[in-house]
Amino acid sequence: MKVRTSGHRSGAGRLIAGLAAAALLAGLTAGCGTPGLPRAPSLKLPLPVAGLTADRSGDTVLLSWMMPRQSTDRLALEGPVKGNVCRAAGSSKVCERVGEVSFAPGVQASFEDHLPAELAAGAPELLSYSVELLSPSGHSAGVSNAAYSASGFAPAPVVSFAGTIRSDGVLLRWQSAGRPASWQDAAASVGIERRLLSVPGGGTPGESANAPARAAARGRDRFQQLAAKPEETVLSVAEDFRGSEPGPASGEARTLDAEAEFDRVYSYQARRIVRFVVEGHAVTVAGAASGIITVNTRDVFPPAVPSGLVSLNVPEERAIDLSWSPDTERDLAGYVVYRRLRGEEKPERISAELVVAPSFRDAKAAPGRVYLYSVSAVDLDGNESGRSAEVEEGLPAK
C-alpha cells in the first residue's frame with residue numbers, strides 16, 4: 001500500500017530542519033571570523049552623578065563629586081564629559097542653571113558657585129544643587145542627588161588671629177564677633193586647621209642646636225616621615241558669640257593647642273562655622289578663612305628646679321655624695337652640679353658632663369673645708385633651670 005505524504009511538514013519535522021540549517025550555518029561561518037548578532041549602538045549616556053556634596057565658605061559654595069567612568073550601557077566613557085550645574089533657592093522649586101562643566105571620566109570634579117549679593121545677605125534660606133551630565137548629543141540619563149547649603153549672611157571672618165608659644169602648648173587668640181539674630185539656634189564654633197610644616201632635621205631656620213639629640217631621643221624615622229608628608233589637624237572650638245547683630249569685635253577669644261609639641265614649625269588658619277537646620281535639612285556655613293600664621297615652637301622653657309638635695313660625707317673615701325629627687329619632665333637631658341666654699345659668693349660647676357642619674361660623688365673635696373652644693377636641670381634644647389637650694393657639707397681635717 002502506498003502512503004501519501006502531505007505537502008506540509010509536521011512540527012517535529014520543521015524543528016529538525018531548523019536545527020540542521022543552524023548547524024550548517026555555524027559550520028560555514030566558524031572559520032571566517034564573522035561576528036555574532038549585531039549590537040545596538042551606544043547612546044553614550046553618562047551614569048548620573050552620585051555623592052554630590054556642597055560646602056559653603058564665605059560667599060562661595062563649593063560643589064564636589066566623582067565623575068562616572070561608564071555609560072548607562074556599561075561601556076567606558078571616552079573624552080571629556082560635559083554637564084550643567086543648577087541651583088534652586090528658597091521657596092523656588094525651579095533649578096536655575098549656574099554653570100557648565102567638563103571633566104574627564106573618573107576624576108574628582110568640583111565647581112564653585114559665587115553667590116550673588118541677594119543670596120549672600122539676609123536670613124538663611126535653603127539652597128539645593130544638582131549636576132546633570134550630558135552625552136555628546138546633549139541627552140541625559142538623569143540629574144545627580146541633591147546637595148544642600150544655605151543662603152544669607154556668612155559668619156564674620158576671624159580677625160586678629162595670633163599664636164604664642166607657651167610651656168604647655170600654643171595659645172591661639174582672635175577677636176570675638178556678634179551672633180546674628182537669625183542664628184539664635186545655631187551651633188557656632190571656630191574651626192582651626194593646624195599643619196605641621198617641618199621638624200628637627202628638616203633644615204628649619206632657628207631650630208635648636210640640640211635638635212639632632214632630640215630627634216634621636218624620639219625616633220628619627222618618625223621625624224623624617226613627618227617632614228616628608230606634613231600632618232594636618234583640625235581643632236574645633238566652641239565660640240560664645242556676644243551681641244545680637246554683626247558688628248565690631250566685642251572681646252578676645254582664645255584656646256590652647258595643648259597637643260602642639262616643641263621644636264616644630266606649625267601653620268594655623270581659622271574660620272567661623274555655624275550649623276543649623278533649614279527646611280528639615282542640616283547645613284553648615286563657614287566664614288572666610290583667616291590669614292595663615294606660622295608658629296615656631298622652639299623650646300625656650302627651662303625644666304623645673306631640682307628639689308630634695310641631700311648630702312653625705314664619706315671620709316674613709318675622701319668624698320661627698322649628693323642625691324636629689326629625679327626630674328620627671330620627658331625632655332630632660334641631665335643635671336649640672338655646682339659647688340662653692342663657705343664664704344665665697346660665686347659657685348663653680350664641678351660636673352664636666354651632664355649628670356644623667358639624680359646623684360653625684362664629689363671626689364675632689366678637700367679635707368677640712370666646708371662646701372655649699374646646688375644642682376640645676378638641663379633639657380634637650382640646652383635650657384637650664386635655676387639652681388636648687390644649697391646644702392652644706394665638708395670633710396673632716398686629716
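The chain is numbered in sequence order, starting from 1. Side chains are part of it too, since the values below use all heavy atoms of this structure and drop only hydrogens, waters and symmetry mates. This structure is a prediction, so every number in the text was calculated from the model and none was measured.
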Leu134-Met67 co-clustered via ILVMFWY side chain contacts under 4.5 Å:
no
Within the structure provided, determine whether Asp263 and Asp381 are in side-chain contact (heavy-atom separation under 4.5 Å).
yes
Report the C-alpha distance between Arg271 and Ser290 in whole Å, list the side-chain angles of each, state the deciding distance to 0.1 Å, and finish with yes or no for side-chain hydrogen bond (donor to acceptor under 3.5 Å, both in side chains).
CA-CA 6 Å; Arg271 67 182 75 219; Ser290 70; over 6 Å; no
Hey, mind stepping through Tyr268 and Asp257 against side-chain hydrogen bond (donor to acceptor under 3.5 Å, both in side chains) and telling me if it holds?
CA-CA 11 Å; Tyr268 292 89; Asp257 179 11; 2.7 Å; yes
ILVMFWY network linking Tyr266 to Val300, side-chain heavy atoms under 4.5 angstrom:
yes
All pairs passing ring-ring contact (aromatic ring centres under 6.0 Å, His included) where residues 77-102 contributes a residue, at least two apart:
none
Counting heavy atoms not belonging to Glu345, are there more than 12 under 6.0 Å from its CD?
no
Main chain of Ala146, side chain of Ser130: is a donor-acceptor contact present, judged purely on distance under 3.5 Å?
no
Tyr338 ring centre to Arg349 NZ or CZ under 6.0 Å, with the angle to the axis within 45°?
no
All heavy atoms of Ser64 vs all of Gln108, minimum pair found to be CB-NE2, 3.9 Å
Look only at the side chain of Arg56 and the backbone of Val61, and say whether a donor-acceptor pair between them is shorter than 3.5 Å.
no
What side chain to side chain donor-acceptor pair (under 3.5 Å) pairs are there with at least one residue in residues 142-153, not counting sequence neighbours?
none
Got Leu256 and Arg254 here, is their nearest side-chain heavy-atom distance under 4.5 Å?
no
Under 3.5 Å, side chain of Ser135 to main-chain N/O of His139, donor-acceptor pair present?
yes
Can any side-chain N or O of Ser385 pair as donor or acceptor with the backbone N or O of Ala377 at less than 3.5 Å?
yes
Counting only N and O atoms by type, is there a donor-acceptor contact under 3.5 Å from the side chain of Ser351 to the main-chain atoms of Val336?
no
I need the minimum non-hydrogen distance between Ser311 and Leu322, along with the two atoms involved.
CB-CD2, 3.5 Å
Arg173 versus Thr164, side-chain donor and acceptor atoms under 3.5 Å
yes
Within the 4.5 Å heavy-atom criterion, are Phe262 and Phe301 side-chain neighbours or not?
yes
Would Tyr335 and Trp324 count as a close aromatic pair, with their ring centres under 6.0 Å?
yes
Looking at Arg369, I'd like to know if its CZ atom is crowded, meaning that more than 12 non-hydrogen atoms belonging to other residues, nucleotides or ligands lie closer than 6.0 Å.
no
Ile320 side chain near Tyr373 side chain, heavy-atom distance below 4.5 Å
yes
Is any NZ, NE, NH1 or NH2 atom of the basic residue among Asp362 and Arg339 found under 4.0 Å from an Asp or Glu carboxylate oxygen of the other?
yes
Contacts satisfying salt bridge (Lys or Arg N to Asp or Glu O under 4.0 Å) that involve residues 111-125 (not counting sequence neighbours) are Arg87-Asp113
How about Val370 and Glu393: do any of their side-chain heavy atoms sit closer than 4.5 Å?
no
Could you state whether Leu119 and Val85 fall into the same hydrophobic cluster, counting links through intermediate Ile, Leu, Val, Met, Phe, Trp or Tyr residues with side-chain heavy atoms under 4.5 angstrom apart?
yes
Pro68 versus Leu47, closest heavy-atom pair with distance
CG-O, 3.3 Å
Quick check: closest heavy atoms across Ala150 and Val285, and the distance to 0.1 Å?
CB-CG2, 4.2 Å
Could you list the residues that satisfy ring-ring contact (aromatic ring centres under 6.0 Å, His included) with Tyr129, not counting sequence neighbours?
none
Go through the steps to decide whether Lys346 and Glu344 satisfy the test salt bridge (charged side-chain N to carboxylate O under 4.0 Å, His left out), and finish with yes or no.
CA-CA 6 Å; Lys346 187 176 180 180; Glu344 292 183 353; over 6 Å; no
Glu392 bridged to Arg342 by N-O distance under 4.0 Å
yes
Counting C-beta onward and ignoring hydrogens, is there a side-chain heavy-atom pair between Ile273 and Arg275 closer than 4.5 Å?
yes
If hydrophobic clusters are built from ILVMFWY residues whose side chains come within less than 4.5 Å, do Phe153 and Leu127 share one?
no
Which atoms form the tightest heavy-atom contact between Glu78 and Pro105, and what is the distance?
N-CG, 4.5 Å
Taking the side chain as everything from C-beta on, heavy atoms only, tell me whether Phe111 gets closer than 4.5 Å to Glu100.
no
Taking all non-hydrogen atoms of both residues, which atom of Val378 and which atom of Pro303 are closest, and how far apart?
C-CG, 3.9 Å
Just so I know, are the side chains of Asp299 and Asn383 near enough to count as touching, which here means a heavy-atom distance under 4.5 Å?
yes
Suppose we screen for ring-ring contact (aromatic ring centres under 6.0 Å, His included). Which residues come up paired with Phe161, at least two apart in sequence or across chains?
none
As a quick check of understanding, evaluate side-chain hydrogen bond (donor to acceptor under 3.5 Å, both in side chains) for Asn84 and Glu132, giving each step before the final call.
CA-CA 5 Å; Asn84 296 319; Glu132 184 179 31; 4.8 Å; no
All salt bridge (Lys or Arg N to Asp or Glu O under 4.0 Å) counterparts of Asp321, not counting sequence neighbours:
Arg361
